[in-house]
Structures are given as structure tokens and as C-alpha cells.
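Written out below as C-alpha cells is the structure these notes cover.
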Amino acid sequence: MKRITVKTPLKKDYDVVITKGFDELAAEIDRLKLSGRKCMIVSDDNVSPIYMNELRSVLAKCDIDCIEYSFKAGEESKTKETVDSILDIMVEKSFKRSDICLALGGGVTGDMAGFAASQYHRGIVFVQVPTSLLAMSDSSVGGKTGVDYKGVKNVLGAFYFPDLVYMNTATLATLDDRQFYNGFAEAMKHGIIKDEHFYEWLIESMYEICDREPDTLEEMLYRSVNIKRMVVEKDPLETGERALLNFGHTLGHAIESDRMGVLLHGECVALGMVAAAYISYKKEMISMEEYLELRDMLVPFNLPITVDNIDIDKIIETVTKDKKQDNTGLKFILLKKIGKAVIDRSVTEDEMRAALKEIEYTDDIE
Ligand code: GLY
């Protein structure tokens with residue numbers, strides 16, 4: 001079992017527990033003195049049938065009375081309406097501020113349950129139990145919550161820090177390959193932006209990671225979460241350095257909106273990372289060898305480095321509307337080297353267009 005404590009400015013510090021089963025959850029709940037409370041478990045219709053009963057029986061040991069809410073799995077459910085349904089049940093069941101909202105599932109579940117938790121009585125106890133690699137390596141840590149609205153991802157939301165993040169890495173065994181590598185992209189991102197040694201370790205551990213070797217996954221998550229911890233502790237509300245975590249996300253989010261339902265978040269982040277690395281190379285910030293290495297090292301982890309049928313004009317239009325734009329110009333995350341990302345405000349539309357052309361799949365044979 002590994003434990004990382006994340007400091008926050010707004011609420012008490014919280015622990016991220018990384019372990020190989022649900023057995024230790026009862027002790028964690030006890031440590032937080034949450035025994036005997038009511039708990040709303042938010043999940044989706046993929047995850048709930050697999051883990052709900054086991055989770056309920058662990059929570060029963062802490063004398064916790066559980067109410068379940070399960071929504072249709074997928075990004076399409078990440079709406080205000082789903083959050084309203086969660087809040088309706090909390091009102092109906094007379095939840096108190098001291099009661100718990102628990103997210104059991106992937107990133108969509110955590111973002112929505114966290115948003116509901118932040119709204120109800122101006123904030124109730126929030127526990128994240130991520131079951132996907134994407135949620136474990138990134139979204140369950142750091143307090144970003146929210147929903148999509150009018151076709152724009154995460155445009156409504158709040159920073160709301162969890163009281164506990166409990167990662168049972170055994171849940172990764174049931175993920176399909178595509179979902180597994182989808183989450184891996186965020187761990188790789190952490191190495192690329194902040195820690196060259198972690199990036200190299202990921203590549204050296206390629207076979208163990210792809211085989212989902214339990215100790216390797218625990219170590220990978222520990223190191224990935226620790227990088228995220230360092231960044232979010234320095235800049236919890238993203239007024240500065242936290243934006244580095246958006247490496248690959250500026251174009252990645254826009255590609256994701258364009259190919260909604262076709263490509264997964266981590267796949268779009270991988271494409272966005274290739275595009276951002278290409279811009280870094282074109283701006284002579286990294287060498288061509290570094291660019292090609294970064295790009296090609298995504299391939300053994302089954303992540304895409306090219307994409308077909310993209311609407312480049314639409315993607316550029318989406319980027320300019322994206323919330324990462326502020327009134328000082330487009331904020332882009334580029335690389336000075338592998339392991340060192342920087343915020344850049346000089347990327348032009350032509351540079352973005354060239355990067356999108358670079359990742360556009362073409363079967364032309366010259
Ligand atoms: N996923 C990026 C962040 O938490 O800031």
C-alpha cells in the first residue's frame with residue numbers, strides 16, 4: 001500500500017491511497033471519522049454491476065447506509081441533468097453536510113459526483129474511488145470537477161477537493177485494453193512535462209505495464225500521482241503552473257469535441273501531445289530526435305499518433321473558444337525538453353494548422 005498526502009489551501013489535506021484491494025477502505029473511512037454517516041454512491045452502468053456490492057459490504061462494516069445512483073456510462077451523460085438527478089436524491093434522502101458523496105468509477109463519474117458534492121449544502125464530504133487508469137493517474141486528484149455544456153467540455157464546474165482518494169489497482173484488471181491505454185496517456189504526460197526519469201522508467205517498464213503487472217502499476221501510479229501532487233500543491237486553482245498539466249489538451253480537447261464518441265480522451269491527449277511536441281520542434285525548443293522519440297514511444301502503448309477525418313478549421317475554431325484561452329492570448333503548453341514543459345503564448349494559427357497537418361492520417365504514397 002502506498003500513501004500520498006496532498007496539501008490544499010481550502011480544505012484539510014487529503015490522502016491518496018494506492019493499494020490492491022478494497023480491504024483497507026474501511027480503515028480509511030474510520031480514520032476520517034466517517035463511520036455511521038449516509039453515503040450516496042455515484043457510479044455508471046458499466047462499473048456498478050462489477051464493484052457496487054463489494055463496496056457496499058466494505059462500507060457496511062463502517063455502519064454506513066448507502067444509496068446508489070447509476071447513470072448510463074459515457075461522456076454523453078456528463079451533463080447538468082445528471083448532476084441534478086444526484087442532487088435530487090440527496091435532497092429526497094435528507095443528506096446532511098456531514099454525509100458522503102462517493103464516486104465509484106472513471107473520470108466522468110468523479111467529475112460529476114465531485115461537482116454535485118461541491119454544490120450540495122455548499123460542499124459535503126467527497127470520496128473518490130476511481131476504477132479506471134485515467135481517473136487514477138489524473139482526474140481523481142487535484143479537485144477539478146464539472147460537466148460538459150453546449151458541446152464544450154468541462155465548461156461548468158468547480159474546484160472541490162476530495163476528502164479521500166482510494167485507488168484499488170485490482171480494478172484495472174477488468175479494463176479493456178483501449179481504456180487502459182487511454183489512462184496511460186495521462187501518466188506519460190506527467191513524465192513528459194515534469195520528470196524525465198519517470199518518462200524513461202515508463203519506457204523501460206513497457207512490458208510490465210502492458211502486462212498490467214500489479215507492483216509495476218502501483219509504482220507507476222505512485223510516481224504519476226506524486227508529480228500531479230507537486231503541481232497542484234503549488235497552484236491548486238490553476239492561476240499559473242497547473243496549466244502545464246494541460247500539455248496535449250489544447251488541441252486534444254478540440255479533437256475530442258470534433259470526434260466525440262469516436263476517440264477517447266487519452267487518445268486525443270496523445271494526439272495533442274504529438275502536435276504540441278511538433279510545434280516545440282518547429283520553434284527550435286526541442287530537437288527533431290526528441291520530437292520523433294516522444295511521438296514514436298506512444299505507439300507501443302497503443303496510443304494514436306495520427307488521426308483521420310479531422311476538420312482542421314473546426315478544431316482551430318474550437319481552440320479559440322476553449323476555456324484555456326484568456327485575455328492575454330492563447331495559452332499553449334510546449335516543451336523545452338522531455339521532462340520540462342513551459343507555458344507559451346506565441347503559438348499562431350498557422351503553427352497549429354501545421355501541427356494538425358502533421359498528425360492528420362494520409363495514405364498518399366508519394
Ligand atoms: N487534468 C489536469 C488538471 O487536473 O489540472
Side-chain angles (χ1 to χ4, degrees), residues 4 6-11 13-14 16 75 78 103 105-115 117-118 126 128 130 132-148 152-162 165 167 179 181-195 198 220-221 223-257 263-273 276 303 319 322-326 331-335 341-343:
I4 295 173
V6 185
K7 294 190 171 53
T8 74
L10 302 177
K11 224 174 152 179
D13 303 345
Y14 61 93
V16 179
E75 185 79 24
K78 200 171 151 184
V108 170
T109 305
D111 283 9
M112 280 198 297
F115 191 35
S118 76
F126 176 42
Q128 289 261 26
S132 73
L133 187 53
L134 186 92
M136 290 186 198
S137 56
D138 184 38
S139 62
S140 64
V141 178
K144 279 192 180 175
T145 74
V147 294
D148 305 335
V152 187
K153 267 181 70 75
N154 301 327
V155 70
L156 306 181
F159 282 102
Y160 191 66
F161 300 100
V165 183
M167 301 182 183
Q179 284 293 347
Y181 294 112
N182 177 44
F184 176 81
E186 296 282 5
M188 187 75 138
K189 178 198 77 181
H190 288 151
I192 294 171
I193 62 165
K194 273 282 170 198
D195 186 343
F198 178 52
M220 176 177 88
L221 283 166
R223 293 177 69 168
S224 177
V225 169
N226 223 355
I227 294 169
K228 180 141 188 191
R229 175 194 64 75
M230 285 188 292
V231 176
V232 299
E233 279 186 349
K234 267 200 207 153
D235 179 20
L237 304 181
E238 200 173 314
T239 53
E241 178 169 343
R242 183 165 179 167
L244 297 180
L245 296 172
N246 294 328
F247 177 64
H249 285 61
T250 309
L251 287 171
H253 265 169
I255 296 169
E256 196 175 353
S257 303
L263 291 173
L264 301 175
H265 176 73
E267 294 169 341
C268 296
V269 168
L271 291 163
M273 291 197 294
L303 288 164
V319 168
D322 191 287
K323 67 176 165 37
K324 282 170 207 76
Q325 281 242 73
D326 56 30
K331 201 190 284 180
F332 223 97
I333 312 305
L334 298 180
L335 292 178
V342 289
I343 298 171

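All ligand and atom numbering here is 1-based and tracks the order in the structure.
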Can Asp111 and Lys78 be counted as an ion pair, charged N to O under 4.0 angstrom?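 Yes.
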
Output yes when Lys194 and Glu241 qualify as a salt bridge under the 4.0 Å nitrogen-oxygen rule, no when they do not.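 A salt bridge is present here (some side-chain N lies under 4.0 Å from a carboxylate O).
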
Residue list, salt bridge (Lys or Arg N to Asp or Glu O under 4.0 Å) with Arg229, at least two apart or on another chain: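 Salt bridge (Lys or Arg N to Asp or Glu O under 4.0 Å) check on Arg229 returns Glu233.
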
Distances only, to 0.1 Å: what are the N or O pairs between ligand 1 and the protein that fall under 3.5 Å?
residue  : atom  : partner : partner atom : Å
ligand 1 : 1 (N) : Asp138  : OD1          : 3.3
ligand 1 : 1 (N) : Asp138  : OD2          : 3.0
ligand 1 : 4 (O) : Lys228  : NZ           : 2.6
ligand 1 : 4 (O) : Arg242  : NH2          : 2.8
ligand 1 : 5 (O) : Lys144  : NZ           : 3.0
ligand 1 : 5 (O) : Arg242  : NE           : 2.8
ligand 1 : 5 (O) : Arg242  : NH2          : 3.3

Establish, from distance only, whether the side-chain atoms of Asp235 and Thr239 form a donor-acceptor pair under 3.5 Å.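 Their side chains do contain a donor-acceptor pair, which is all the 3.5 Å distance test asks for.
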
Looking at residues at least two apart in the chain, or sitting in another chain, which of them share a side chain to side chain donor-acceptor pair (under 3.5 Å) with Thr145?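 Listed in chain order: nothing, the list is empty.
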
Just to verify, what does His265 make a ring pair (Phe, Tyr, Trp, His ring centres under 6.0 Å) with, not counting sequence neighbours?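 His265 satisfies ring pair (Phe, Tyr, Trp, His ring centres under 6.0 Å) with His249, His253 only.
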
